[in-house]
Amino acid sequence: MSKLVIDTIEGKTTAGSVNVRGEGSNNTNLQQGLAKAWAGFDTGGNLGDSLNISSADDDGTGNFGINFTNNMANNNYSATTNIADFTHNGSGNNLRCCTVGVRNSNSVEIDQGYTNSSAIFIFYDGAEMCCSVNGDLS
Amino acid sequence: MTIETPEFQGIHLWNRLHWAKDNLEGVQSDYRVVWEDPEEPDAPAKVTVPDPNWLACALQGGILPPVEVYWALAEDEAKPDFKKHTRGYLLHNTKPVDKMTEEQAIEYLIMKDIPQRVWRNYEKANRKRLVICKKQNLPSHRTWRNAWKINQEVA
């Protein structure tokens, strides 16, 4: 078994692009697969740990946001959110969930809530949230 | 133990954040910034909470770019034909700011993460719309969270 001990991997043709051989002849681009920001925080905006985050916003019930230290290159990145405790609220409504709202290059809005029996999204303060961002950095 | 910040001007900000993550302990702040957006008069007061890793960078110095860099990028993004940042190099090539006190870091954070319409010409507004307070000054429960407003008498 070989062991690679290095500090930096850099593309030979393009410094910021390294391919990893995937399935068959497929190549997976290393940089495109890395999370560029992530955070875990509670409904008070208190951040437990993070990368590339400058602050969190508590904008109201079930209404939050995180701000980036290193901007993303555009507004078309992918942000994935999750909630640390997927429990049913016990009143006939659906599971609590997190959704991604407005994306700016320096921030992303995150909503938390559930859909009621009339399929209306109700903002709700649930448990801690997690967010991970993939895309291109500025 | 004090650790010295490497010379980071010209180094990608992303790399600096990794260095900070490896070398600096996060600092939890007791400060909170409570603000109201004049463009959303019916919205509840918002609360901005500094990130511990970011605050560690601010207190360390030599890592974060000047806040004016973020304003330049925000101007670009506000243009109707904006598709992608072309001046991201400002984040990486502009001389990083020196170390700040926690209070200075909070002021920097306000100017970075809170819309300029909230804090620019602040003294000309007809009501207090931004307050820096301690965590313990916030309501202790969130039952009426969407009714939170800045108390004009104590602000």
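With a 6.0 Å radius and a threshold of 12 heavy atoms from other residues, nucleotides or ligands, B/Glu103 has its CD atom above the threshold. The neighbour count for B/Asp30 CG, taken as heavy atoms of other residues, nucleotides or ligands under 6.0 Å away, is above 12. Heavy atoms of other residues, nucleotides or ligands lying less than 6.0 angstrom from CG of B/Asp81 number more than 12. For NZ of B/Lys95, the number of neighbouring non-hydrogen atoms (other residues, nucleotides, ligands) closer than 6.0 Å is 12 at most.
At a heavy-atom cut-off of under 4.5 Å, chain A is reached by B/His12, B/Leu13, B/Trp14, B/Leu17, B/His18, B/Lys21 from residues 5-26 of chain B, listed in order of number.
In the hydrophobic cluster analysis, where Ile, Leu, Val, Met, Phe, Trp and Tyr join through side-chain heavy atoms closer than 4.5 angstrom, A/Met129 is grouped apart from A/Ile122. Hydrophobic clustering places B/Leu64 together with B/Val69 (ILVMFWY residues linked when any side-chain heavy atoms are closer than 4.5 Å, directly or through intermediates). Taking hydrophobic clusters as Ile, Leu, Val, Met, Phe, Trp and Tyr residues chained together by side-chain heavy-atom distances below 4.5 Å, A/Phe68 does not share a cluster with A/Val102. Two different hydrophobic clusters hold A/Leu30 and A/Tyr77 under the rule that ILVMFWY side chains link at heavy-atom gaps under 4.5 Å. Neither A/Leu137 nor A/Leu34 shares a network with the other; the hydrophobic side chains, linked directly or stepwise wherever heavy atoms of I, L, V, M, F, W or Y lie under 4.5 Å apart, form separate groups for each.
Both the backbone and the side chain of A/Ile53 come within less than 4.5 Å of a heavy atom in chain B. Contacts between A/Ser107 and chain B at a heavy-atom distance below 4.5 Å are absent for every atom of the residue. With a 4.5 Å cut-off on non-hydrogen atoms, A/Phe64 touches chain B through its side chain but not through its backbone. Both the backbone and the side chain of A/Asp59 come within contact range of chain B, each with at least one heavy atom under 4.5 Å from a heavy atom of that chain.
Ranked by non-hydrogen atom pairs under 4.5 Å with chain A, the options B/Gln28, B/Lys135, B/His85 are led by B/His85. Contact tally against chain A (heavy-atom pairs below 4.5 Å) for B/Val33, B/Asn53, B/Leu138: the top residue is B/Asn53. Across A/Asp136, A/Asn71, A/Asn70, A/Asn74, the residue that shares the most heavy-atom pairs under 4.5 angstrom with chain B is A/Asn70. Considering only heavy-atom pairs separated by less than 4.5 Å from chain A, the leading option among B/Phe82, B/Tyr89, B/Trp35 is B/Phe82. Highest contact tally toward chain B, considering only A/Leu51, A/Ile66, A/Asn63, A/Asn67, is held by A/Asn67 [criterion: heavy-atom pairs under 4.5 Å]. For chain B, the option among A/Ser50, A/Ala39, A/Gly45 with the highest count of heavy-atom pairs below 4.5 Å is A/Ser50.
With values rounded to the nearest 0.5 angstrom, B/Ser29 atom OG is found 10.5 Å from A/Asn46 atom CG. Residue A/Asn104 holds its CG atom at 12.5 Å from CG of B/Leu73, rounded to the nearest 0.5 Å.
Using modelled atom types, one side-chain atom of B/Arg142 and one backbone atom of A/Thr43 make a donor-acceptor pair closer than 3.5 Å. Side-chain atoms of B/Asn146 come within 3.5 Å of backbone atoms of A/Thr61 as a donor-acceptor pair (strictly under, hydrogens ignored).
Scanning both residues, B/Gly88 and A/Ser138, for their nearest heavy atoms gives CA-CB, 4.0 Å. Annotation for A/Asn75 and B/Glu77: closest pair OD1-OE2, 2.8 Å, computed over non-hydrogen atoms.
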message: side chain to side chain donor-acceptor pair (under 3.5 Å) for A/Ser55 and B/Asp113? Distances and angles first, verdict last.
response: CA-CA 8 Å; A/Ser55 66; B/Asp113 287 345; 2.6 Å; yes
- prompt: Can you list the steps and then say if A/Asp57 with B/Lys46 is a salt bridge (charged side-chain N to carboxylate O under 4.0 Å, His left out)?
  reply: CA-CA 7 Å; A/Asp57 291 331; B/Lys46 303 168 193 288; over 6 Å; no
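In this structure, A/Asp58 does not pair ionically with B/Arg32, as no charged nitrogen and carboxylate oxygen lie closer than 4.0 Å.
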